[in-house]
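One structure is given here, and the rest of the page talks about it.
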Amino acid sequence: MMSMASQAATHLPSLENLPVTTLFENCKSVDQLRQIHAHTIKKGIMSSPLVQNKIVAFPCEHEGGNMLYARRLFDEIPEPSVFVCNTMIEGYSRLNRPKDGVSMYLEMLRRNVKPNDYTFPFLFKGFKRDTALAYGQELHGHVVKYGFDSNVFVQNALVNMYSLSGMIDMASGVFDMSCERDVVTWNVMISGYNRIKHFDESRKLFKAMMEKGVFPTSVTFALVLSACSKLKDLDTGKQVHRYIKECKIQPNLVLENALIAMYAACGEMTVSLDIFENMKTSDVISWTSIITGFANSGQVDLARKYFDRMSERDYVSWTAMIDGYLRVNRFKEALELFRKMQTSKIKPDEFTVVSILTACAHLGALELGEWINTYIDRHKIKKDSFVGNALVDMYFKCGNVEKGLQIFNEMQRDKFTWTAVIVGLAINGYGEEALDMFSQMLEASIMPDEITCVGVLCACTHTGMVDKGRRFFASMINQHGIQPNVAHYGCMVDLLGRAGHLQEAYEVIQNMPVKPNSVVWGALLGACRIHKDAEMAELAAKNILELEPGNSAVYVLLCNIYATCNKLESLRELREMMLKRGIKKIPGCSLIEMNGMVHEFVAGDQSHPQSKEIYLKLEKITSNLKFAGYTPDMSEVFLDVGEEDKESSVYRHSEKLAIAFGLLSSKPGVTIRIVKNLRMCVDCHRMAKLVSKVYSREVIVRDRTRFHHFRHGSCSCKDYW
DNA sequence: GATGGTTGGG
């Protein structure tokens with residue numbers, strides 16, 4: 001087989017008779033270029049700027065951009081023209097080597113080659129955010145100095161470069177000053193606002209552009225449709241769609257994708273699907289938009305059907321599907337999908353890990369969360385504030401306070417970071433520390449928002465700091481300029497009620513300026529359970545059931561209260577009413593993570609493969625604990641069953657099954673972590689305390705509202721929950 | 001020898 005060089009050599013004789021331009025047109029490889037190069041030297045035409053440029057352009061544009069060779073050829077040119085310098089700069093930009101582009105530019109200045117109107121667009125094209133920040137303004141100075149600031153191409157490149165660096169004011173400054181504006185100038189400006197998520201500005205600009213009679217292109221439409229998606233502005237979106245039809249713009253893939261995404265984001269799945277099914281070719285973006293559309297409208301199973309039908313999936317489509325499960329609180333399925341994603345060898349990015357960490361936080365899946373943390377470090381996933389905050393949130397919600405604080409201390413902190421740590425400390429029973437964090441947050445000049453205030457009140461509630469809570473609530477408007485909303489009133493009712501100030505809590509409800517919702521009344525009802533006030537409980541329950549007639553938790557809680565207060569007649573009536581209305585108790589459900597798998601137990605569950613062993617273990621634990629003084633606490637049992645059955649129903653509570661499973665399947669000394677969907681009952685709480693003592697195990701249970709860290713026979717909640 | 005575009009987040 002002949003080598004490329006000898007092939008080229010066979011063509012050499014004809015070189016003599018052909019014009020140089022034809023030679024370049026037929027040039028197929030760097031080897032052939034060498035022949036042509038030698039030929040041009042021999043003919044003495046290397047001084048021609050055109051020939052110089054052709055020679056250097058070839059390696060820039062072929063074989064993936066051989067800039068090393070281009071540079072060698074460039075160095076042989078004694079007096080390079082601006083043409084060939086631009087070619088070199090363009091070559092570096094194309095290969096995403098903006099710094100080399102800048103060096104080339106500086107070199108040409110040193111060699112007294114003046115830039116022309118092509119130089120800056122080529123140079124800026126390769127810029128990323130960091131290079132735009134580092135060199136942008138200085139190079140803007142050069143643009144002015146050399147007099148290209150009125151060239152529309154240069155202006156467009158400048159606007160784009162500034163928007164890339166996040167300096168939107170500079171971008172719009174250049175845009176406003178631009179004497180000559182074309183449709184691309186408008187496009188890059190709109191794209192700039194899209195980039196920083198100022199979608200209303202994008203929409204405004206589009207309307208202004210239309211009013212000025214500038215004729216939009218398909219790029220303009222794609223940009224403004226994207227803004228409409230994010231704004232969920234169906235009206236403007238439809239209007240744009242009409243323009244597209246009126247202007248007879250040829251539909252292309254990107255534009256159709258933008259339309260699909262807009263309709264999907266606005267909940268118009270029928271229209272979105274119609275476009276999707278009638279397009280000539282679809283790509284991964286079209287499919288992902290459809291999936292997101294279904295997921296956003298709550299039809300996650302339909303979204304999954306489309307996801308499964310995709311011929312290829314990228315990390316965005318995986319993340320979109322995972323996020324679809326998160327939206328409907330189907331966290332286990334989110335994690336299962338993530339495992340499949342790993343099997344498919346698709347690398348997660350920072351978006352994916354935030355979704356997974358969120359799922360871990362909800363499930364209390366600490367092991368997986370830790371694994372993700374390691375993964376982020378090892379694979380150098382960008383640790384932006386979203387990722388950092390998701391990590392902090394995950395560690396606290398999984399009960400690992402130390403690690404949560406460690407991440408918090410190491411990262412750049414924004415409002416959300418502080419809020420996550422304040423809430424995290426609060427739910428783990430570190431009320432004082434949470435308040436201290438809040439002071440530090442104020443010292444760091446970070447303004448709290450409504451959620452931060454919920455965290456602060458929550459901290460006071462879980463540690464019984466009634467006066468501090470009262471004072472903070474009063475300071476919300478005056479000191480922080482935050483009007484308390486219904487959630488804050490709910491916190492106050494919770495705070496006062498738990499501490500036994502039931503009357504005061506009720507007064508808060510009566511005097512609050514917004515209509516109390518079921519959460520507010522629920523806080524009062526919960527307080528009534530703790531303080532055994534059946535009368536107030538009836539009042540609270542009545543109000544909740546007016547708002548939410550099907551709220552079964554209210555019935556159950558009221559039953560508990562009647563049982564505790566020994567109001568057996570009321571209990572019987574309520575039970576009858578529940579049967580008549582078909583109200584069923586929400587089954588208690590506990591999750592425990594073992595060896596990276598999340599196991600789920602519901603009360604009385606026998607579906608686990610190791611069910612038999614688990615029940616045997618539980619029996620053994622109970623008898624061991626009875627030696628240590630454990631007697632079942634039946635006060636919260638209200639079922640119409642005999643004493644013995646009562647015990648066995650408490651005995652089958654999901655957290656007990658999970659604890660038994662935990663003791664069964666982990667080594668001595670390993671912390672047992674459980675997440676429960678309901679509030680822990682008194683008996684399970686008592687049992688967990690004893691397990692922590694008798695088995696020398698730390699047991700951490702996260703219930704509906706807070707954490708219980710059981711150590712050496714006592715609980716971090718100090719039996720106050 | 002030129003510039004602009006579509007999908008997923010706490």
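The figures here come from the full heavy-atom set of this structure, side chains too, leaving out hydrogens, waters and symmetry mates. Order of the sequence lines fixes the chain letters, A, B, ..., with proteins taken first and strands second; residue numbering starts at 1 for each chain.
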Who are the ring pair (Phe, Tyr, Trp, His ring centres under 6.0 Å) partners of A/F148, not counting sequence neighbours?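 Expected list: none.
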
Taking any heavy-atom pair under 4.0 Å as a contact, classify [X]: base, sugar-phosphate, or nothing.
X: A/F221; answer: nothing
X: A/E350; answer: base
X: A/S226; answer: sugar-phosphate
X: A/N194; answer: nothing
X: A/V316; answer: base
X: A/T185; answer: nothing
X: A/K415; answer: nothing
X: A/N296; answer: nothing
X: A/N53; answer: nothing

Are A/W318 and A/F338 close enough that their ring centres sit under 6.0 Å apart?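 No, they do not, as the ring centres are separated by 6.0 Å or more.
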
Ring centers of A/F307, A/W287 separated by less than 6.0 Å: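 Aromatic pair excluded; centres sit 6.0 Å or further apart.
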
Hey, is the side chain of [X] poking within less than 4.0 Å of OP1 or OP2 on [N], counting only N and O atoms?
X: A/S317; N: B/dG8; value: no
X: A/T292; N: B/dG8; value: no
X: A/K125; N: B/dT3; value: yes

For DNA chain B, which residues in residues 258-266 of chain A have a heavy atom at a distance below 4.0 Å?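 Within residues 258-266 of chain A, the residues near DNA chain B are A/A261.
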
I need the residues from residues 81-88 of chain A with at least one non-hydrogen atom less than 4.0 Å from DNA chain B; give them sorted by number, or say none.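 Those residues are A/F83, A/N86.
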
Check whether the side chain of A/S218 and the base of B/dG5 form a donor-acceptor pair under 3.5 Å.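 Counting by modelled atom types and ignoring angles, a donor-acceptor contact under 3.5 Å is found here.
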
Give a yes or no on whether a donor-acceptor pair under 3.5 Å exists between the nucleobase atoms of B/dG5, that is its base, and the side chain of A/N252.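 Yes, the side chain and the base share a sub-3.5 Å donor-acceptor pair.
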
Nearest-Å distance, OH (A/Y306) to P (B/dT7)?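 Taking atom P of B/dT7 as the reference, OH of A/Y306 is at 20 Å.
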
Can you name the closest pair of heavy atoms from A/C60 and A/A70 and give their distance?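 Distance-wise, the nearest heavy atoms are SG-CB, 3.8 Å.
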
Which heavy atom of A/S163 sits nearest a heavy atom of A/A171, and at what distance?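 Closest heavy-atom pair between A/S163 and A/A171: N-CB, 4.0 Å.
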
Distance under 6.0 Å and angle within 45° of ring axis: A/R309 vs A/Y306: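 Yes.
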
Do A/T452 and A/D449 meet the criterion of a side-chain donor-acceptor pair at a distance under 3.5 Å?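 Their side chains do contain a donor-acceptor pair, which is all the 3.5 Å distance test asks for.
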
For A/Q412, does the CD atom sit with more than 12 other heavy atoms under 6.0 Å from it, leaving out its own atoms?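 Count not over threshold, so no.
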
Can you confirm whether A/E79 is buried at CD, in the sense that more than 12 heavy atoms of other residues, nucleotides or ligands lie under 6.0 Å from that atom?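 At most 12 heavy atoms, drawn from other residues, nucleotides or ligands, come within 6.0 Å of this atom.
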
Evaluate whether the aromatic ring of A/F122 and the six-membered ring of the B/dG1 base sit under 5.5 Å apart, centre to centre, with an inclination under 30°.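 Per 5.5 Å and 30° rule: no stacking.
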
Stacking between A/Y118 and the base of B/dG1 (centre distance under 5.5 Å, interplanar angle under 30°)?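 Yes; by the centre-distance and plane-angle rule, A/Y118 counts as stacking on B/dG1.
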
